Amino acid sequence: MSAPPDSPLSAWVLLRVFLRSLFLQASWNPKGMQNLGLAYALFPALERLYPAGPAREEAVRRHLVFFNTHPYVAAAIVGGVVNHETRISRGEETPDKVVAFKAALMGPLAALGDGFFWLSLKPAAGAVSAALVPLLGVWAVPVFLGLYNCVHVLLRVRLYWLGLTLGDRLVEAVARANLPARGAKLRAVAAVCAGGLAAWLAVNFGANAGGAHAPLLAAGCLALGVASYVLVSRRVPNYVVLYLAAGLACAAGAFL
Amino acid sequence: MSVVWTQVALAGLWGGLVALERKAFLQAMLSRPLVAATVMGGLLNDVASGLAVGLLLELFFLGTANLGAALPENDTLAATGTSAAAATLTTATGAGSTPAIWSLAVLLFIGLGRVGRRGDRLMESYSARLARVALSSAEAGNLTRAMRQNLWGMWPHFVLYGSLTSLCALAGYFVEPLLQALPPAMIRGLAWAWPAMTSVAAAIAAQGSHARRAPLYAALGAAAVTVAVVFVLLQEQR
C-alpha cells in the first residue's frame with residue numbers, strides 16, 4: 001500500500017490504521033457500539049496529524065461518540081475519516097465535516113454491507129461449500145474460505161483505499177459496484193445449492209440404507225425436507241422441526 | 001473411560017480463538033460452523049465427525065446474521081462444542097466415527113447456540129464498562145489508556161467460550177456410557193436421524209437463503225441433482 005500523493009501520512013501509518021480497523025468490534029457495546037474500535041483504528045493517524053495535547057485529545061474524543069456500521073464496509077468510512085482528518089489538521093475544513101461524514105454514511109453503508117455480505121455472500125459461500133462436501137470432502141473448507149475471503153478481503157482493501165483517496169466522493173464509487181443486484185444473484189445460488197444438497201442426501205440415504213426400499217426411503221427423506229421448508233416458512237421454530245425429524249427418523253430406523 | 005486432557009485443552013484453545021474471530025477480530029469466517037467444526041475435528045483426531053457436524057450446523061445456521069444490535073444465536077459455540085463432544089465421544093468408544101455419534105452429539109449440544117447468545121449479551125455489559133473507562137481516560141488526557149480499552153474487550157470471549165468448549169469436549173467422554181447402553185435398534189435409529197436432520201437443515205438453509213423465489217430455486221437444485229444421480233446410477237447398472 002502506498003500513501004495517496006498529497007497525504008502527510010506514511011504508508012506504514014495507513015497500513016496500521018487498516019490493520020487496527022480489523023479490531024473494530026473488539027469492544028462492541030450497546031451504547032457506543034463500535035466507537036472504541038473506530039477510535040482505536042484511527043489513533044495512529046491522529047497521532048501523526050495532531051501534536052500531543054488538546055488538539056489530539058479533541059480529535060480522539062470526536063471519534064469516541066456513537067458509531068455503528070457493517071464491520072467490512074467500515075473500512076470505507078475509516079479511510080474517509082483519515083482523509084477528512086488530514087484536511088482538518090491542515091485547517092482546510094472544520095471538524096463538524098468529519099462528524100457529518102460519519103453520520104451520513106454509517107447507516108446506508110451498514111444496510112449495504114448487511115445485505116451483501118451477511119445476507120448474500122455468506123449464505124452463498126456456505127451453501128456452495130456445503131454442497132461440495134459430498135464431492136470434495138474436507139477440501140470444501142478451504143474452498144469456502146477462498147470463495148468468501150477473495151471477495152471480502154479485496155472489497156475491504158478497496159473500500160479503505162476509496163475512502164482514503166476520494167473522501168466524500170466514495171459514495172458514487174460504492175454505488176457503481178451495484179452490490180444489491182449481485183447480492184440477489186448470490187442468494188439464488190444459495191437456494192439452488194441447498195435444494196441440491198437436500199436431494200443428494202435423500203438419494204444417498206436411500207441407496208445406503210434402503211436395500212429394496214431405497215426409492216421409498218429416498219422419497220421419504222426428500223418429503224421430510226419439503227415438509228420442513230413449509231413448517232419453517234410458517235414460523236415453526238427451526239429446533240422443533242429438527243428434533244421432530246430426528247424423532248421420526250429414529251423411530252423409522254428402530255422399527256422398520 | 002480415560003479422559004485425554006490434551007484433547008480437552010486443544011478444544012478449549014480452538015473454541016476460544018474462533019470465538020474471538022467471530023466478532024472481535026477479522027471475521028474471515030474461520031468461525032463459521034463448517035470451518036470451525038472441521039478444524040476442531042482435525043485437532044481432536046476425528047475429521048469425519050468435525051466435517052459431518054460442521055456440514056449440518058452450517059446449513060442449520062445459514063440464514064442467521066448479526067444485524068445492528070440484534071444478537072443471533074452463537075453458531076460458532078454450537079459448532080465447536082458439538083464437534084468437540086462428537087470427537088471425544090468417538091475417542092471414548094474407540095470404534096471410529098459413526099452417524100449415530102454425530103446425531104447424538106447434535107441432539108445434545110445444538111442448544112449451545114442459545115447459551116452463546118446469552119453469553120454474548122452478558123459480555124456486552126463488560127464492554128459498556130470498558131467504553132466508560134475509555135471515555136473518562138480520554139477526558140483526562142490519557143489517550144493510550146483509552147485506546148487500550150478496545151483490546152480488553154476480547155479476553156472474556158476467549159475465556160468464556162474456550163471454557164465452554166472444553167467442557168463439551170469433557171462431556172463427550174461422559175456421554176459414551178449412555179451410547180453404549182442404547183439398544184442396537186436405537187443406534188440404528190440415530191444413524192438414520194443423521195441424513196434426516198441434514199436434509200431438514202438443508203431445507204432450513206434454502207429458507208434462510210433470503211432469495212426472493214427460494215422454493216423455486218431449491219426445487220430446481222433438487223431436481224437437477226436427482227436427475228443427475230439417477231442418470232449415474234442407471235449408467236452404472238448397464
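What you see is a predicted model, and the numbers here were worked out from it, not measured in a lab. All chains are named by letter (A, B, ...) in the order of the sequence lines, taking the proteins before the strands, and each is independently numbered beginning at 1.
Of the residues considered (Gly50(B), Ala203(B), Ala128(B), Ala191(B)), Ala203(B) shows the highest number of contacts with chain A, using heavy-atom pairs under 4.5 Å. Contact tally against chain B (heavy-atom pairs below 4.5 Å) for Ala191(A), Ala194(A), Ala110(A), Gly37(A): the top residue is Ala191(A). In terms of heavy-atom pairs under 4.5 angstrom with chain B, the leader among Ala252(A), Ala202(A), Gly183(A) is Ala252(A). Of all the listed residues (Leu224(A), Val226(A), Leu242(A)), the one sharing the greatest number of non-hydrogen pairs under 4.5 Å with chain B is Leu242(A). Here Ala26(A) is the residue among Ala249(A), Ala26(A), Gly53(A), Ala218(A) with the most heavy-atom pairs under 4.5 Å with chain B. When Asn68(A), Leu248(A), Val138(A) are compared by the number of non-hydrogen pairs under 4.5 Å with chain B, Val138(A) comes out ahead. Between chain B and the options Leu64(A), Val189(A), Leu186(A), the largest number of non-hydrogen pairs under 4.5 Å is found for Leu64(A).
Only the side chain of Arg156(A) comes within less than 4.5 Å of a heavy atom of chain B; its backbone N, CA, C and O stay farther away. For Ala224(B), no part sits under 4.5 Å from any heavy atom of chain A, backbone or side chain. Heavy atoms of Ser103(B) lying under 4.5 Å from chain A are absent altogether. Only the side chain of Leu59(B) comes within contact range of chain A, judged by heavy atoms closer than 4.5 Å. Only the side chain of Arg32(B) comes within contact range of chain A, with heavy atoms under 4.5 Å apart. Contacts between Glu73(B) and chain A at a heavy-atom distance below 4.5 Å involve the side chain alone, from C-beta outward. With a threshold of 4.5 angstrom between heavy atoms, Leu216(B) does not approach chain A through any atom at all. When heavy atoms are compared at a cutoff of 4.5 Å, Leu119(A) approaches chain B by way of both its backbone and its side chain. Of the two parts of Ala130(A), the backbone and the side chain both hold a non-hydrogen atom closer than 4.5 Å to a non-hydrogen atom of chain B. Only the side chain of Leu51(B) comes within less than 4.5 Å of a heavy atom of chain A; its backbone N, CA, C and O stay farther away. Of the atoms belonging to Phe117(A), not a single heavy atom falls under 4.5 Å from chain B. For Ala219(B), no part lies under 4.5 angstrom from a heavy atom of chain A. Contact annotation for Val200(B): both backbone and side-chain heavy atoms come within less than 4.5 Å of a heavy atom of chain A. Contact annotation for Ala184(A): neither backbone nor side-chain heavy atoms come within less than 4.5 Å of a heavy atom of chain B. For a residue to count as touching a neighbouring chain, one of its non-hydrogen atoms must lie under 4.5 Å from one of that chain's; by this rule Asn238(A) touches chain B with backbone and side chain alike. Within the 4.5 angstrom heavy-atom criterion, only side-chain atoms of Val203(A), from C-beta onward, approach chain B. For chain A, no part of Ile187(B) is nearby; none of its heavy atoms comes within less than 4.5 Å. Interface residue Val47(B): only side-chain heavy atoms are found under 4.5 Å from chain A. Heavy atoms closer than 4.5 Å to chain A are found nowhere in Pro183(B), neither backbone nor side chain.
Trp28(A) and Ser127(B) share no donor-acceptor pair across their side chains, judged by distance under 3.5 Å alone. A donor and an acceptor atom, one from each side chain of Glu85(A) and His63(A), are located under 3.5 Å apart. Inspection of the Tyr40(A) and Gln34(A) side chains reveals no N or O donor paired with an N or O acceptor under 3.5 Å. There is a side-chain donor-acceptor pair under 3.5 Å between Ser97(B) and Trp102(B). Inspection of the Ser209(B) and Arg187(A) side chains reveals no N or O donor paired with an N or O acceptor under 3.5 Å.
Between Tyr148(A) and His152(A), the angle of the ring planes lies from 30° to 60°, which puts this pair in the tilted group. Using cut-offs of 30° and 60° for the angle between ring planes, the Phe60(B) and Tyr239(A) rings count as perpendicular.
Minimum interatomic distance between Ala125(A) and Ser129(A) (heavy atoms only, all atoms of both residues): O-OG, 2.6 Å.
Between Trp118(A) and Tyr72(A), the gap from one ring centroid to the other is short of 6.0 Å. Taking the centre of each ring, Trp192(B) and Phe205(A) come in below the 6.0 Å mark.
Salt bridge present: Asp120(B) and Arg22(B) bring a charged side-chain N and a carboxylate O closer than 4.0 Å.
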